[in-house]
Amino acid sequence: MTDMEFDVLDELYFVQPFDAILEEIELTEDELKKVLSELLNKGWVKCYGDRQAEMPIAPKDLGNNLTSYFYLATKEGLLVHNGR
């Protein structure tokens, strides 16, 4: 796990919109998009269309507009984050 992945996961214990994550960490928007994409591909983060959504959006269905979604660490992501 990279330092950037660790920092992003640290913000995802609860469902968070992209803008809130960006506000809390020291990454550019493009860097955050890249890290979120990597975390989604690893299965460490889930993506939702809104805060109350019950079904996550599959990474292949996201497209390039990662800024309009909400994110939450998965159980696997939290285990990796806490095991570091």
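Residue indices begin at 1 and follow the sequence shown.
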Would you say that [X] contacts [Y] through its side chain, given a criterion of any heavy-atom pair below 4.5 Å between the two side chains?
X	Y	answer
L72	V15	yes
L9	M1	yes
D7	L27	no

Spacing of [atom1] belonging to [X] relative to [atom2] belonging to [Y], to within rounding of 0.5 Å:
X	Y	atom1	atom2	result
L40	K46	CG	NZ	11.5 Å
D3	D10	CG	CG	11.5 Å
L66	L32	CG	CG	8.5 Å
L39	W44	CG	CH2	7.0 Å
I21	E29	CD1	CD	11.5 Å

- prompt: Do any pairs count as a ring-ring contact (aromatic ring centres under 6.0 Å, His included) and have a residue in residues 2-22, sequence neighbours left out, and if so which ones?
  reply: F6-H81, Y13-H81

query: Honestly curious: do F70 and L36 fall in one hydrophobic cluster under the side-chain, below-4.5 Å linking rule?
result: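 No; tracing contacts between hydrophobic side chains, which count when under 4.5 Å, never links both residues.
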
message: Side-chain heavy atoms nearer than 4.5 Å, only ILVMFWY residues, links allowed to pass through others: does that put M4 and V8 together?
response: yes

Backbone N/O of T2 and side chain of E5: donor-acceptor pair under 3.5 Å: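 Here the side-chain-to-backbone pair exists.
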
- prompt: Can you check whether Q16's main-chain N or O pairs, donor with acceptor, with R51's side chain at less than 3.5 Å?
  reply: no

message: So that I can tick it off, tell me whether E76 and K42 are bridged by a salt bridge, with the cut-off set at under 4.0 angstrom between side-chain N and carboxylate O.
response: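 The answer is no: the pair does not qualify as a salt bridge.
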
statement: G43 and T74 have their tightest heavy-atom pair at O-OG1, 2.7 Å

task: Identify the heavy atoms of C47 and Y69 that sit nearest to each other, and give their distance.
output: SG-CB, 3.3 Å

- request: Please collect all salt bridge (Lys or Arg N to Asp or Glu O under 4.0 Å) contacts where either partner lies in residues 12-24, sequence neighbours excluded, each pair once.
  value: none

